[in-house]
Amino acid sequence: MHTSSPLRVRRAITTTTLAAVVGLAAVACGSDSSTGMSGMDHGSTNPSTSASQHSMPGMPGMDGDMPTGDGLTASASGFRFAPSVSSLPANQAASVRFQIQGADGKPVTAFESDQTKLMHFYLVRSDLTGFQHIHPEMAADGTWTAPVAPLQAGTYRAYTSFITKDSTGKAVPLVLSEQITVPGSASTQPVPAASTTTQVDGYTLTLSGDVKSGMAGTLTVAVSQGGKPVTDLQPYLDTYAHLTAFHEGDLAFAHLHPQGTVNGDHGGPTLSFHAELPRAGNWRLFVQFQTGGTLRTATVTLTA
Ligand SMILES: [Cu+2]
């Protein structure tokens, strides 16, 4: 079903009007509860679709010679991620303002919804700690504002993941990133050893599947609590789990796309993801899922 790059495979088939979505896009994931957000996460109108895609790993991009399959460039396909800051203060809440600029340098204002959001913004530190997943809000002029929780000192990478359109109207899914420095003395940690299991908030996640670098595969995550299968996962971003991965060392980005559709608060115990990791080595996985109205983030290292 999925034949394209790890960058953005899945896109909403419905183009929602900008005005309707901006209001919903303003909530950071950390405080995101789907309850009360009208219709946001309960539909199943966002099936996995294979977006036409040109940025296979190792292949040149359509409009340039930079590969875009790892999310490590600030510009690709004629679009540029332009943050207003290159550093943020340590240990205090802050905002990152940014634009996505077209080849003419003007801010882009037209985006398509992807997993119910027009823009996904991620932060991770060089040692793969400090993960944040935020849904920024866009002003009419195309300036986005991402509210960032307090950061420890260190070197971070900020990623924007979105779908826009090129001059011919063709959808262009991109992940663009820039480095952001948080001054101060940083005590980085070694990336934890690879494991097939991890815990968060009393939940145990067990990974299985055959994931090799540079190849499409399926990663399965089984969720249990107290030894019993969990079957009350709630929809989050139109899925039962949102899985982001970062590569140890260069911080390459991969989004693992959920398979299957969402139907009420009955997700689990087993979730499947289309996995396509562009590099060999260790990947730190951030699995976000929701139960009882609370968003939880489990982390685990996977070696591809
Ligand atoms: Cu997001």
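Only a predicted model underlies this, so the values are computations on that prediction, with no experimental measurement involved.
With sequence neighbours excluded, the residues satisfying side chain to side chain contact (heavy atoms under 4.5 Å, CB included) with Glu178 are Ala74, Arg80, Phe81, Pro83. Partners of Asp232 under the salt bridge (charged side-chain N to carboxylate O under 4.0 Å, His left out) rule, at least two apart in sequence or in another chain, do not exist in this structure. Applying the side chain to side chain contact (heavy atoms under 4.5 Å, CB included) criterion to Gln92, with sequence neighbours excluded, gives Pro89. Evaluation of the salt bridge (charged side-chain N to carboxylate O under 4.0 Å, His left out) rule for Asp141 yields no partner, not counting sequence neighbours. Partners of Lys212 by salt bridge (charged side-chain N to carboxylate O under 4.0 Å, His left out), not counting sequence neighbours, listed by chain and number: Asp210. Arg284 is linked by a salt bridge (charged side-chain N to carboxylate O under 4.0 Å, His left out) to nothing, counting only residues two or more places apart in sequence or in another chain. Considering only residues two or more places apart in sequence or on other chains, Thr196 meets the side chain to side chain contact (heavy atoms under 4.5 Å, CB included) condition with none of them. Among residues two or more places apart in sequence or in another chain, the side chain to side chain contact (heavy atoms under 4.5 Å, CB included) test is passed with Ser213 by Ala280, Ala304.
The aromatic rings of Phe111 and Trp144 sit perpendicular to each other, their planes meeting at more than 60°, with 30° as the lower class boundary. Aromatic ring pairs are classed by plane angle as parallel below 30°, tilted from 30° to 60° and perpendicular above 60°; the pair His135 and His120 is perpendicular. Aromatic ring orientation, Tyr236 versus His242: perpendicular (interplanar angle above 60°, classes split at 30° and 60°). Between Phe253 and Tyr159, the ring-plane angle classifies as tilted under the 30° and 60° cut-offs.
In this structure the side chain of Leu205 never reaches within 4.5 angstrom of the side chain of Gln199, judged on heavy atoms. Looking only at side-chain heavy atoms (C-beta outward), Leu233 and Asp265 stay at 4.5 Å or farther from each other.
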ask   = Run the side chain to side chain contact (heavy atoms under 4.5 Å, CB included) check on Gln132 and Phe121 step by step: do they pass?
value = CA-CA 8 Å; Gln132 293 189 40; Phe121 181 90; over 6 Å; no
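For the residue pair Tyr203 / Thr291, a side-chain donor-acceptor distance below 3.5 Å is found, with atom types taken as modelled. Neither side chain, His257 nor Gln259, offers a donor N or O lying under 3.5 Å from an acceptor on the other. For the residue pair Thr145 / Glu137, no side-chain donor-acceptor distance below 3.5 Å is found, with atom types taken as modelled. At a cut-off of 3.5 Å, with distance as the only test, no side-chain donor of Thr301 or Asn282 sits close to an acceptor on the other residue.
Once rounded to the nearest 0.5 Å, the distance linking OH of Tyr240 with CD of Gln234 reads 9.5 Å.
Identified under the salt bridge (Lys or Arg N to Asp or Glu O under 4.0 Å) test for residues 84-111, with sequence neighbours left out: none. Screening residues 119-129 for salt bridge (Lys or Arg N to Asp or Glu O under 4.0 Å), with sequence neighbours left out, gives Arg125-Asp127. Pairs of residues two or more places apart, or lying in two chains, that qualify as salt bridge (Lys or Arg N to Asp or Glu O under 4.0 Å) and include a residue from residues 239-251 are Asp250-Arg279. The salt bridge (Lys or Arg N to Asp or Glu O under 4.0 Å) pairs that include a residue from residues 147-164 number zero, where partners must be two or more places apart or lie in different chains.
Without hydrogens or angle criteria, Thr239 side chain to Ala241 main chain gives a donor-acceptor distance under 3.5 Å. Between the side chain of Asp166 and the backbone N or O of Gly169 there is at least one donor-acceptor pair closer than 3.5 Å.
Around the CD atom of Gln101, the shell of radius 6.0 Å holds more than 12 heavy atoms that belong to other residues, nucleotides or ligands.
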